[in-house]
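Keep in mind the model is a prediction, meaning the values are calculated, not measured. Chain identifiers are assigned alphabetically (A, B, ...) following the order of the sequence lines, protein sequences preceding nucleic acid strands; residue numbering begins at 1 within each chain.
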2 protein chains.
Amino acid sequence: MATIKDIAQLAGVSLATVSRVINQTGNVSPALREQVLAAMETLNYQPNAPARSLRRRETRLIGLLIPQLNHPFFGTLAYAIERFLFAEGFRILVCSAEEDADREVEYTQLLTRQRVDGAIVAPTGLALDWAKYFVHANIPIVLIDRNLPDIAASRVMVDNWQGGYQGAMHLVELGHRRVGLISVSRHSQAIRERLQGAMQALHEHNVAYEVYEPSVETLQQYDLGFQAALKLLSQQPRPSAIFALTDVAAIGVMHAAVSQGLAVPSQLSVIGFDGIELGAYLIPALTTVAQPIEQLGYKAAEVLLRRVGRVQAEHEHIVLPTQLIVRASTSMPLLAE
Amino acid sequence: MATIKDIAQLAGVSLATVSRVINQTGNVSPALREQVLAAMETLNYQPNAPARSLRRRETRLIGLLIPQLNHPFFGTLAYAIERFLFAEGFRILVCSAEEDADREVEYTQLLTRQRVDGAIVAPTGLALDWAKYFVHANIPIVLIDRNLPDIAASRVMVDNWQGGYQGAMHLVELGHRRVGLISVSRHSQAIRERLQGAMQALHEHNVAYEVYEPSVETLQQYDLGFQAALKLLSQQPRPSAIFALTDVAAIGVMHAAVSQGLAVPSQLSVIGFDGIELGAYLIPALTTVAQPIEQLGYKAAEVLLRRVGRVQAEHEHIVLPTQLIVRASTSMPLLAE
DNA sequence: TACGCTGCAGAAAACGTTTACAAACTTTTT
DNA sequence: AAAAAGTTTGTAAACGTTTTCTGCAGCGTA
């Protein structure tokens, strides 16, 4: 590939001049500028980013460390972030840690080696092993979706506790007296907070509830909701509503209900959490506690960019509200028992 | 951040020796190796990837250029590719071109500047503007999901025509005599091939069909299927089955049917295309022509890696089979008219 | 005429690696 | 014991940029 040197030679100028033309920095006479531009054109010149990064000590690369790319929530999140950063002249390096702390560390090392200018991370669990690499490399990070208490970083997230409370209250208000809750027992701070909020609401209103929390790393699996619902529905008396702390799990729940011959919502109300686009197109359409997913992404990117380059900037802690979206998968319980 | 120089100083050896230890190349005595390793440890050394890329003339970065990250098909595809490449020591730079030819070009430039070792691209349309950048930079690419005739590259895809034929035949065999087809009129070679295959099957068996193809760039939108179905269902006589050339569109179709008071599948059969995981969890579960999405991703990555570094390697053209998955959204049509 | 500006361009150093080459030892072979 | 071969280490050049510094015109002012 052509280098700046080739251009200089062809245009009959020095390296410095070419560089000045490329970066529109310093003064260069119109005549020479034209020559250089022409030379770039004929040689199909594209600047060498690694060389530039080396010299400038910035890469314009942002690391995005998330658990999974292939599920709606993280997919839209990644997409939103990507769009925002692209517009600002940054590219993203995507890493899906698969809810595995080891991979998380491995990826973090990769990102620091790559000298990314910053990183947006949705931590897998409570493990903090990865964080020290960023700290040491002095790479600013923002935490998204999941809160981690002991780490000096900006945060952008939703009030999960409140969301859980909100979702449960919807069921309470509909008159449900026996509710199933689907969570996960390991990691995922966010989901546990939702659970706390939901339990609080149910407790306050004397509604019986049963929590099912399989010991897995992620609730973003259809089948998990399916299996969990099967368990909950086999109880006597069975719950008249299930609150799955993830939309994806809620979809599994609806499927399980139908497979057991229970109609949604008449025999079983189902409510999810996340607000993925798909929810509106399910049959019945899914009632859910929606997060402003795209906004979450934009905000995170924005907050991060405010910190890259500047050392002194304060850590920001942004909390966005959840919104209850009532659709067709919840209704009043049948009176009969 | 610590550099190789700092390590050398601390360990009391030369730069070359440190480099040899890091890369496990050449011979270095056990004693010195230990010292170097210790120094790296205490300084928290992480090699500078841009510098290394500059010198080695390889980045171990692969560009992934796809239309959208936020929809199930491309999400799983990206995820599969990412996993495969990670295991081989490559990272991916994700670019979602949003079905926009300009952005596609812009992204391609970015990738060549970044000196990626290769790229996997699902082209937006028939425009080839982007291709020349890769060619000029001598960056190997593999085309995925979408075929582009006039371009020298490896390809990994599914036999879309055959898949379309297969899906339509399913409806024919069930006894449908009037079928609606949902496609898109612009771009997307793959989807047009599916349409051709489906029309051929219907034609061969004298089944009446109506094609609805909105003039948009992507069929990966729930609402598109919804709107299209509304149009098709307003016809008299109305079709007893709809074949949506994308699962996402099919979901929109099912929703539209219900909103019109039509039961799926008894009053309207719906079949999709893609085989996204979600399909199995819909109510009713979606019949679809499935692509081996993950395999598509693995294969593409594998084929690409065979070409990076080596100049002479042949272009490969891999076609994977589609598979009809019959679930609950299709059935025989009602006899009454 | 002498002086200091200003605008423009080039030389050269630097960024952090890898690697070809050479030098200094060791070991083996004759 | 000398020569040959091998092992271990260091020096320095190179990768493609950006940027500091310096120099040279040309110009206005005193």
Side-chain angles (χ1 to χ4, degrees), chain A residues 1-37 39-40 43-61 110 112-117 136-139 309, chain B residues 1-37 39-40 43-61 110 112-117 136-139 309:
Chain A
M1 287 218 61
T3 75
I4 218 178
K5 209 165 161 184
D6 303 320
I7 311 273
Q9 208 159 350
L10 182 59
V13 301
S14 75
L15 299 189
T17 303
V18 178
S19 178
R20 279 189 275 256
V21 171
I22 293 173
N23 298 292
Q24 308 184 36
T25 159
N27 292 317
V28 23
S29 68
L32 286 196
R33 153 167 287 114
E34 279 315 310
Q35 287 175 47
V36 170
L37 255 20
M40 282 171 54
L43 293 182
N44 269 290
Y45 175 73
Q46 296 288 351
N48 181 313
R52 177 179 280 181
S53 295
L54 174 58
R55 173 63 222 222
R56 283 222 186 126
R57 310 170 129 267
E58 66 167 29
T59 55
R60 307 231 104 201
L61 246 36
L110 281 180
T112 62
R113 292 216 238 279
Q114 210 62 235
R115 299 292 191 270
V116 293
D117 291 342
H136 231 98
N138 199 26
I139 293 175
Chain B
M1 287 217 62
T3 74
I4 218 180
K5 208 164 161 183
D6 302 320
I7 311 274
Q9 209 159 349
L10 183 59
V13 300
S14 75
L15 298 189
T17 302
V18 177
S19 178
R20 279 189 275 255
V21 170
I22 293 171
N23 298 291
Q24 307 184 36
T25 156
N27 292 317
V28 23
S29 69
L32 285 195
R33 150 166 289 114
E34 279 315 310
Q35 288 176 46
V36 171
L37 254 21
M40 283 171 53
L43 292 182
N44 270 291
Y45 175 73
Q46 295 288 352
N48 181 312
R52 178 180 279 182
S53 294
L54 174 59
R55 174 63 222 224
R56 284 219 188 128
R57 310 170 130 266
E58 67 165 29
T59 53
R60 308 232 102 199
L61 245 36
L110 281 179
T112 62
R113 292 216 238 279
Q114 209 61 236
R115 299 292 193 269
V116 293
D117 291 343
H136 230 97
N138 199 27
I139 293 175

Length of the line joining [X]:[atom1] and [N]:[atom2], which is rounded to integer Å:
X: A/Gln35; N: C/dA9; atom1: CD; atom2: C1'; value: 13 Å
X: B/Gln24; N: D/dT8; atom1: CD; atom2: C1'; value: 17 Å
X: A/Arg113; N: C/dT17; atom1: CZ; atom2: P; value: 11 Å
X: A/Gln114; N: C/dG16; atom1: CD; atom2: P; value: 16 Å
X: A/Arg33; N: C/dA9; atom1: CZ; atom2: C1'; value: 13 Å
X: A/Arg60; N: D/dT17; atom1: CZ; atom2: C1'; value: 16 Å
X: A/Ile22; N: D/dT17; atom1: CD1; atom2: C1'; value: 9 Å
X: B/Gln9; N: C/dT17; atom1: CD; atom2: P; value: 14 Å

Quick check on DNA chain D: between B/Arg55 and B/Arg20, whose nearest nucleotide comes earlier from the 5' end?
B/Arg20

By nearest-nucleotide position on DNA chain D, the 5'-leaning member of B/Leu32 and A/Val18 is B/Leu32

Donor-acceptor contact below 3.5 Å, side chain B/Ser53 vs main chain B/Ala49:
yes

Without swapping roles, check the side chain of A/Arg115 against the backbone of A/Thr112 for a donor-acceptor pair under 3.5 Å.
yes

Derivation and outcome, side-chain contact (heavy atoms from CB on, under 4.5 Å), residues B/Leu37 and B/Val21
CA-CA 8 Å; B/Leu37 254 21; B/Val21 170; 3.5 Å; yes

Output yes when at least one side-chain N/O atom of [X] is less than 4.0 Å from OP1 or OP2 of [N], else no.
X: B/Thr17; N: D/dG10; answer: yes
X: A/Arg56; N: D/dT18; answer: yes
X: A/Asn27; N: C/dG7; answer: no
X: A/Asn23; N: D/dT18; answer: yes

Quantify the bending of the helix from C/dT1-D/dA30 to C/dT30-D/dA1 as the angle between its end axes, each fitted on five pairs, to 10°.
50°

To the nearest 0.5 Å, what is the distance between [atom1] ([X]) and [atom2] ([Y])?
X: B/Thr17; Y: B/Arg33; atom1: OG1; atom2: CZ; answer: 10.5 Å
X: B/Gln114; Y: A/Thr59; atom1: CD; atom2: OG1; answer: 8.0 Å
X: B/Met40; Y: B/Gln46; atom1: CE; atom2: CD; answer: 8.0 Å
X: B/Leu15; Y: B/Arg20; atom1: CG; atom2: CZ; answer: 10.5 Å
X: A/Ile4; Y: A/Arg52; atom1: CD1; atom2: CZ; answer: 8.5 Å

Does anything in residues 43-54 of chain A reach DNA chain C, meaning a heavy atom under 4.0 Å, and if so which residues?
A/Leu54

Which one of A/Val28, A/Ile7, A/Leu32 satisfies the side-chain contact (heavy atoms from CB on, under 4.5 Å) criterion with A/Val13?
A/Leu32

Closest nucleotide among [options] to the [X] side chain:
X: A/Ser14; options: D/dT7, D/dT17, C/dA11; result: C/dA11
X: A/Arg57; options: C/dG16, D/dT11, D/dT18; result: C/dG16
X: A/Ser29; options: D/dT11, D/dT18, C/dA9; result: C/dA9

Counting C-beta onward and ignoring hydrogens, is there a side-chain heavy-atom pair between B/Leu43 and B/Gln9 closer than 4.5 Å?
no

So what does A/Ser19 touch, heavy atoms closer than 4.0 Å: a base, only the sugar-phosphate, or nothing?
base

